[in-house]
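Numbers restart at 1 for each chain; the letters A, B, ... are given by sequence-line order, proteins then strands.
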Number of protein chains: 2
Amino acid sequence: MHRTPITLDDVAARAGVSPKTVSRVLNNEPNVRNTTRDAVLAAALELGYRPNRAARTLAGSRSFLIGHLHGRADRDYILSVNEGIHTACFQHGYVLLPEPLLDYNEGFVRRLQQFLQTAPVDGVVLTPPLTDHDPLLAFLAARNIPIVSISPEKVRKSIASVYIDEKEAAIAMTQHLISLGHKKIGFISGPKDHGASHLRTEGFYEQILKSGLKREACPQAQGDFKLKSGAIAANEMLETHPDITAIFAANDAMAAGAMTSAFKRGLSVPEDISIAGFDASPLGEALWPALTTIKQPVNRMAMAASLWLISGALARTEQPLRERFDFELLVRASTAPSREN
Amino acid sequence: MHRTPITLDDVAARAGVSPKTVSRVLNNEPNVRNTTRDAVLAAALELGYRPNRAARTLAGSRSFLIGHLHGRADRDYILSVNEGIHTACFQHGYVLLPEPLLDYNEGFVRRLQQFLQTAPVDGVVLTPPLTDHDPLLAFLAARNIPIVSISPEKVRKSIASVYIDEKEAAIAMTQHLISLGHKKIGFISGPKDHGASHLRTEGFYEQILKSGLKREACPQAQGDFKLKSGAIAANEMLETHPDITAIFAANDAMAAGAMTSAFKRGLSVPEDISIAGFDASPLGEALWPALTTIKQPVNRMAMAASLWLISGALARTEQPLRERFDFELLVRASTAPSREN
DNA sequence: CTGAAAGCGCTTACAG
DNA sequence: CTGAAAGCGCTTACAG
């Protein structure tokens, strides 16, 4: 497995210093003369030295492991987050450990305990819905495990997080539709208990009213983020409000369902009706026409979250770290000027 | 992080034996008296002992790490494989490391080298398309890294693999459609260079001929496994062969595309036309009507693959391990008796 | 069948 | 600013 097992001692010998000094340089500790530091770095580079993670873990207090605890979420989303964390870890000699925590009740404690025992992570990234699982947060806090949440539903004073402004994003999409001349727009909302879904709904109606459109002309239907619920919601909506010229769904899957219903009713997209989603899922990209949607920089958000963990920034600050990321309005083929124009 | 850092020495003291004996028991080594073994096991259990992975790795020759090298494949598939490997690892104190290898050319060597240096895995699970990436296989073989491939396109004499009989699965689906009275069935095949796609096509036409149906009545169109290609293929097919009553696509995404085209043409599914897919993707389940498809036991296949790695079965045998898994025909709402019946 | 000694490759105190 | 010693918790030879 190891071709040339170069150790820290080899580097020390090569650089003409003690092992301890090499260790200092590698860990960016202070109190090393610059010339010494350079000599060590040069020696390490020449030898192609790579620190042994197991040895560092055993001797020290870090494991160089970052966990991603996730529940039952969109699988593409989970994988995207994994990729972002992985990128950050890879660059810093850390390793990503994805850990599904599907039992939200009793089982999660035993499972988490076993996970932490075989893999004592230096920190965890949390994604919804685990970002808002109070017993889990308490469990981690009790063990002093650093946490960064991605897009938590509720803001918690003590937990670092990265997020986008969901409401502003919904407003941007609504404005996009309005600027295309749409005046009667249906909205398909997500699950009631989903915080982001709430904010999206809020943003939609806020912009509708702000633009002087009539609220009654813009029906709302409730979905559950799944494709089928979007199809059903759109179908009912087109039945009761046949004059709507656009539908905005709170996620891509429901938008895809809405598209299906439009097709079934003989409507063309976007000629007869514009359809917009939210989340920039691969599904929305694969659709035909491709879905206009909102894109979160999931990768960059996940990278930022894990970098806080890796750099120890989290441990250093008193006030909880928090960073807002910009969303992106992806205008694709599923939205076009209103047929009423 | 550690609440009660119970060590092997603690267990030894409690059981009244030497640390070496505890080590023997934990590693299932021979030459331990049964009473001794039981005493050690009891002591370990009472103390809630968990071996320290870092220490075992540093002292021994195992890392307790299993890698999943994957390329650009269906993301749901990747995640399902991860889950299967994770389950097996979790039960045996191993850890899963997913490693995306997206650069199939020069870059993969450097990347893989860095990966193996920070994470010297005890073995890797390969999924398509990496299962058939010769330079990668050579690289791994040169370093004596145990490999298990899941559904490789080509069977390689020296590499262990798990798979399903793709051709038989296609035959089963074809027979399902024929038994519903369909006599004119279109087939949408996958990418030319995809081995499994070939086998599915082969199975389809073999069963068509075997059942006495006319080959000319069963058009074939080429897709690329993406939704849009299925939509285009189906659209052309319905143009040139308006009398077909069923479409069988070589994967779910293309079947979803075909469904879209059917809707756009005012056809009902399954009343006017039956549509079948392959792979049991979440997309196919979400569709409305839900897609009849072929399900591979991806989870079990991934578990089996990683267990070979974990148990060391791979190192012990001379002849390459190989196991065929049974597929499942999932009859859902998208297929029904032919309208010609 | 069992154990005492040495060592894996680092970091932690501690000393200077 | 730098280093010598001890130790992290296991497994590897080796001995008996």
Side-chain angles (χ1 to χ4, degrees), chain A residues 1-41 43-44 47-65 93-94 117-120 122 312, chain B residues 1-41 43-44 47-65 93-94 117-120 122 312:
Chain A
M1 211 132 306
H2 307 273
R3 325 213 66 188
T4 41
I6 294 161
T7 70
L8 182 145
D9 284 11
D10 297 331
V11 178
R14 171 85 149 179
V17 299
S18 75
K20 173 62 214 173
T21 297
V22 177
S23 176
R24 280 199 183 85
V25 172
L26 261 34
N27 291 298
N28 283 313
E29 285 174 33
N31 299 334
V32 180
R33 206 186 301 158
N34 272 334
T35 53
T36 310
R37 184 180 297 279
D38 291 345
V40 169
L41 255 20
L47 261 31
Y49 170 70
R50 288 266 158 193
N52 180 311
R53 256 194 37 250
R56 297 181 88 181
T57 300
L58 184 58
S61 55
R62 290 180 295 171
S63 67
F64 303 92
L65 265 27
Y94 276 64
Q117 269 165 160
T118 72
D122 289 340
Chain B
M1 213 132 305
H2 305 274
R3 322 214 68 190
T4 43
I6 294 161
T7 71
L8 184 144
D9 284 11
D10 297 331
V11 178
R14 170 87 148 177
V17 298
S18 76
K20 173 62 214 174
T21 297
V22 177
S23 176
R24 279 199 182 86
V25 173
L26 261 35
N27 291 297
N28 283 315
E29 286 173 31
N31 299 333
V32 181
R33 204 187 301 159
N34 273 335
T35 53
T36 309
R37 182 179 300 278
D38 293 344
V40 169
L41 254 20
L47 263 29
Y49 170 70
R50 288 264 158 194
N52 180 311
R53 258 194 37 250
R56 296 181 88 180
T57 300
L58 183 58
S61 55
R62 290 180 294 170
S63 66
F64 304 91
L65 265 26
Y94 276 64
Q117 269 166 157
T118 72
D122 289 340

(request) Indicate, with a heavy-atom threshold strictly under 4.0 Å, whether B:Thr57 touches base, sugar-phosphate, or nothing. (result) nothing

(message) Below 4.0 angstrom, which residues in residues 8-18 of chain A have at least one non-hydrogen atom near DNA chain C?
(response) A:Leu8

(request) Please check if the side chain of B:Asp122 supplies one atom and the backbone of B:Arg62 the other of a donor-acceptor pair under 3.5 Å. (result) no

(message) Do B:Leu47 and B:Arg14 make a side-chain contact, defined as non-hydrogen atoms from C-beta onward lying under 4.5 Å apart?
(response) yes

(request) Would you grab the first and last nucleotide of DNA chain C (5' to 3') that comes under 4.0 Å of any non-hydrogen atom in chain B? (result) C:dC1 to C:dG9

(message) With rounding to the nearest 0.5 angstrom, report the CG to CG distance, B:Leu58 to B:Asn52.
(response) 9.5 Å

(request) Would you confirm whether B:Thr57, through its side chain, and A:Ala54, through its main-chain N or O, come within 3.5 Å as a donor-acceptor pair? (result) no

(request) Using a 4.5 Å cut-off on heavy atoms from C-beta on, say whether the side chain of A:Leu8 contacts that of A:Ser23. (result) yes

(message) When you compare the side chain of B:Arg37 with that of B:Asn28, does any pair of heavy atoms fall below 4.5 Å?
(response) yes

(request) Using the closest heavy atom to pick a nucleotide of DNA chain D for each, name whichever of B:Arg24 or A:Pro19 lands nearer the 5' end. (result) A:Pro19

(message) On DNA chain C, does the nearest nucleotide to B:Ala55 precede the nearest nucleotide to B:Arg37 from the 5' side, or the other way round? Give the residue.
(response) B:Arg37

(message) Under a 3.5 Å distance rule, please check whether B:Asp10 uses its side chain to pair with a backbone N or O of B:Thr7 as donor and acceptor.
(response) yes

(request) Stems involving DNA chain C: give each as a range paired with a range, ordered by first number, where a stem means at least three consecutive Watson-Crick or G-U wobble pairs under 3.5 Å. (result) C:1-3 with D:14-16, C:5-12 with D:5-12, C:14-16 with D:1-3

(request) In plain terms, say whether A:Lys20 and A:Glu29 are close enough for a salt bridge, that is, a side-chain N and a carboxylate O under 4.0 Å apart. (result) yes

(request) Without swapping roles, check the side chain of A:Arg53 against the backbone of B:Thr118 for a donor-acceptor pair under 3.5 Å. (result) yes

(message) What's the separation between atom CG in B:Asp9 and atom OG in B:Ser18, rounded to the nearest 0.5 Å?
(response) 9.5 Å

